[in-house]
Amino acid sequence: MTAAAPAITPDVVKAHGLSAEEYARVLEIMGREPNITELGIFSVMWSEHCSYKSSRKWLRRLPTTAPWVICGPGENAGVIDIGDGLACVFKMESHNHPSFIEPYQGAATGVGGILRDVFTMGARPIANLNALHFGAPDHPKTRHLVGGVVAGIGGYGNCVGVPTVAGSCDFDPGYNGNILVNAMTVGIARADRIFYAAASGIGNPVVYAGSKTGRDGIHGATMASAEFDDTAEARRPTVQVGDPFTEKLLIEACLELMAEDAIIAIQDMGAAGLTSSSFEMAGKGGVGVEIDLDRVPVREDGMTPYEIMLSESQERMLMVLKPGREDIARRIFEKWELDFAVIGRLTDTGRMVLKARGAVAADLPIAPLSEAAPVYDRPTTPTPRPAVLDAAAVPAPASVMGALETLLSSPDFCSRRWIWDQYDHMVMTDTVERPGGDAAVVRIHGTGRGLAVTTDCNPHYCGAHPKTGGAQAVAESWRNLTAVGARPLAITDNMNFGNPERPEIMGQFADCIEGIREACLALDFPVVSGNVSFYNETNGKGILPTPTIGAIGLIDDLSRRTSVPFKAAGEDIVLIGATMGHLGCSAYLRELHGRRDGAPPPVDLAAERANGDFVRGEIVSGAVTACHDLSDGGLLVAAAEMAMASGLGATLTPPPGAPALHAFAFGEDQGRYLVTTADGPALVSRAEKAGIPATVLGRTGGAELTLKGAGTISVVQLKAAFEGWLPAYMGDGVA
Amino acid sequence: MKSAVIVFPGSNCDRDMQVALARITGTPPVMVWHRETDLPRVDLIAVPGGFSYGDYLRSGAMAAHSPAMTEVRKRAAAGVAVLGVCNGFQILTEAGLLPGVLMRNASLRFICRDVYLRVEDSRAPFTTRYRTGQVIRIPIAHADGNFFADAETLKRIEGEGQVAFRYCDPNGEVTAAANPNGSLGNIAGIRNRAGNVLGMMPHPERLADQLLSGIDGRAMFEGLSEALG
């Protein structure tokens, strides 16, 4: 440190986000007062983001194992076996706060970060997904945020050359002050060549590769503290800036090096940069590490150890190489015109020693710092249980078909084409099912097999009844995979919540976890990776609880799959699953009556599984020509989506004993699918034998959608309503 | 037919081009790193899509000055067929192998979607397997695809029949509504005067496989294979 090293006052400790109790623990571990660099390291390592101190207790409850799970939570990403010696590596992560402040770069660096988590493990990224939640359309910031976030996701993913194939997007005033940007990457690796973070081999070189380290993204709260730095202006952290071109080079260089026998451990520098990556590697390997900060490639002169250790500059990797392999690695990184430097060695001290300008800048014990990381059992208050809404008490619309048109042209249900048109969703030429379906399907390169991928969450359900909402998010993702004919394998969860120090928020979190847990167990659908984002809160008002689920399924034969569009006129349309007409928390209630009351639809996991297994069997056998899962919006919205995607109409008749017409049309009962087939009665009879509720509702054909008793609307008119809202909102005259 | 694909830092459709060429012509192309100064003897050189050098400075501007492109210029002058797709088209204009420039899309946004193209003629070697006036469906994926040339150049391009593809509607009508990016004359692809260099914004290699919802791009590679042996 320079002579101007600031004193560690209680204010400086507080500005680093450490409580008095946590700081007492720091003193105990250090046996002395830490210097500013050491304090900064404690601060980020014990931050909510890195330590999961509020969520850890609950996350332990999630099922994380299955015979096909190669690596569950705890590494950079989850890894599952997908057969033929291949593994799928995937994870979802939030970039909520930065995206609200600077939407383009916030979203772009979110994509960059999650890509690195996946290729760090040896996988070539093959698909990106995202889940976006914005504030109300009429909120003054929303349009700007939508434009910036979408451009940022596209700007990064398009340049890197990984297709963005699926996602979700909705609008609610609950996100006015805190938007959500959750990004997911899916990659494929050889199952016997997965790379992990655990360092080993005393004396082995620690190598830095990628971009140079700059002063961006440094621990904001601290740097604004005037008494600790009177040159704050010059050191003010800027928003991280992504460089997808460098990321593309980094992907190719890392994968090229991974094909050599050179890497012992590898970790990307994400949140908390060099600090967390080096701690993680040394901690997992039970070794010490010595780093010479003078060797770290930097963007500007005069960076302090504090700045170098806490910088969150993007597109950087840390590796431990096998001895004598530095030259091979250097050659590869130089070919790709990336920085490469041996910055340290592994030691047997169990300590992290940082040197700068010949002096020791920091010296900390590694294991105690991770082991003594605080874990909180925060108080929880359950969400008050909502009353179940009687569908009969919900007014019918003036016109059911008019209500359908209103729903399809609403911000939450209209076409997302304006968004995915800005994402290259075809590069790599393996996108078999493009955006807009229940799940995107990406071919496993060079094979006839494919991965189905989706992201799901209904925050309205989660807000009303977090446990049901958590279970429903998992069930819906499972259903979306099933609807394309895939076998659901595993999920990643991205838990977005408000301030965990408030018992009602912690109650939402705990209950959502419980719901996710039950659904995962019932559906054999383990959680293999995840991320928690707390403090999505402004002025004491938290967002709707939003546990986004990203899910992966496998299609063994791509010629045996289905998609949403009707395929031919004259086919029978069959409804699978029981229809009770549940309107609580429904889109109909929200969009037509401005109401958000009632309990969400119950999730019967046994029925969910039985219905889904039956539908998948029918798809694989070739009996089903089109399939769509029924989710928010209900049956008529799903039928309309199948019609609009094909340009082909249909006539539907409610079966005897159906609930009131509007509840039949818009009820959101779970575990249901609409399928088309050449022989409806035969399919229904197979369903009956399997104990699955199934009814022939009607037939495809014509250019109109008709629901007997409710009227008729042309598919062209529906499509105009569906495609219009988003481009108009974003200010486009045409296309 | 023997082919080569030039790979720049930031190319990202190089593998797609490799797969299409290998599958359709039966011979895997040679992948050539941009620093190479010695190109293999091939019948076709493909300059693939992507973001060479991150589109920094201007799309294609830096790649146009790479060592491999110096060789590509020589081969093109000697009559070797050169195909530039998307960023490859941008690079060929920056390298002076094709006239005009590709500006930012009129919408100022990246656009990825299938478009319809009218094939303007069926000259060898690129469009022999298409009929003149045929309407094909091929995807675009670009932010800088707005073709522009000064009036005199445009007159020459049009006059000498250098336009290979135009954006059109599904019926083959060349309309403003069918123009995705603001290109002059709805131009989606052009040739040089000799006809051996073709640049196009749409990606024929992306719809050359039945599993990917269309094969209208396949005929270009079949035609090349036929014309170039």
Side-chain angles (χ1 to χ4, degrees), chain A residues 124 147 150-151 153-164 242-253 335-338 417-435 441-443 445-448 450 558-559 561 563 727 730-735, chain B residues 7-20 22-23 33-35 48-56 59 62 86-87 105-115 138-143 176-182 202-214 217:
Chain A
R124 176 170 287 282
V150 170
I153 290 172
Y156 207 98
N158 298 346
C159 180
V160 163
V162 176
T164 302
D243 176 6
F245 171 58
T246 300
E247 180 102 333
K248 168 68 175 167
L249 304 182
L250 197 56
I251 293 176
E252 299 305 331
K335 169 187 162 190
W336 291 100
E337 299 175 26
L338 293 164
R417 186 181 306 279
W418 185 90
I419 296 176
W420 79 63
D421 259 10
Q422 296 184 60
Y423 301 153
D424 189 338
H425 48 269
M426 300 182 222
V427 64
M428 298 184 88
T429 54
D430 283 316
T431 307
V432 172
E433 207 57 60
R434 299 182 187 178
V441 177
V442 181
R443 175 170 52 191
H445 192 67
T447 75
L558 284 171
S559 67
R561 67 180 208 284
S563 58
M730 294 308 295
D732 288 19
V734 282
Chain B
V7 184
F8 302 95
S11 293
N12 64 28
C13 302
D14 44 327
R15 190 189 76 175
D16 300 350
M17 187 61 84
Q18 180 184 20
V19 167
R23 187 187 293 133
W33 186 236
H34 69 118
R35 287 214 195 108
F51 287 73
S52 57
Y53 295 95
D55 272 0
Y56 294 137
S59 338
M62 289 168 72
C86 198
N87 188 223
N105 293 343
S107 68
L108 304 182
R109 282 194 304 268
F110 188 95
I111 305 169
C112 177
R113 67 165 88 120
D114 287 356
V115 296
I138 303 277
I140 54 167
H142 60 246
N179 186 341
N181 52 27
H203 288 267
E205 79 281 9
R206 290 193 180 188
L207 278 189
D209 178 344
Q210 195 62 63
L211 201 58
L212 303 179
S213 72

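Just so we're clear, the structure is a prediction, and the values are computed from it rather than from any experiment. Letters go in sequence order (proteins before strands), and every chain restarts at 1.
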S.K.: Check whether B:Tyr56 gets within reach of chain A through its side chain, its backbone, both or neither, counting any heavy atom under 4.5 Å.
M.R.: side chain
S.K.: For A:Gln422, does its backbone N or O pair with a side-chain atom of A:Asn158 as donor and acceptor, under 3.5 Å?
M.R.: yes
S.K.: Using heavy-atom distances under 4.5 Å, tell me whether B:Asp209 contacts chain A through its side chain, its backbone, both, or neither.
M.R.: side chain
S.K.: List the steps and the verdict of side-chain contact (heavy atoms from CB on, under 4.5 Å) for A:Met428 and A:Arg124.
M.R.: CA-CA 11 Å; A:Met428 298 184 88; A:Arg124 176 170 287 282; 4.0 Å; yes
S.K.: Has A:Lys335 got its NZ or CZ under 6.0 Å from the middle of the six-membered ring of B:Trp33, at an angle within 45 degrees of the ring axis?
M.R.: yes
S.K.: In terms of heavy-atom pairs under 4.5 Å, which option from A:His445, A:His425, A:Glu337 contacts chain B the most?
M.R.: A:His445
S.K.: Decide yes or no on side-chain contact (heavy atoms from CB on, under 4.5 Å) for A:Ile153 and A:Tyr423, but give the supporting numbers first.
M.R.: CA-CA 8 Å; A:Ile153 290 172; A:Tyr423 301 153; 3.5 Å; yes
S.K.: Which bit of A:Val150 comes within less than 4.5 Å of chain B, counting heavy atoms only: side chain, backbone, both or neither?
M.R.: neither
S.K.: Roughly how far, to the nearest 0.5 Å, is CZ of B:Arg109 from NE2 of B:His142?
M.R.: 12.5 Å
S.K.: Under 4.5 Å from any heavy atom of chain A, what part of B:Arg15 do you find: side chain, backbone, both or neither?
M.R.: side chain
S.K.: Given heavy-atom pairs under 4.5 angstrom as the criterion, report whether the side chain, backbone, both or neither of A:Arg417 touches chain B.
M.R.: neither
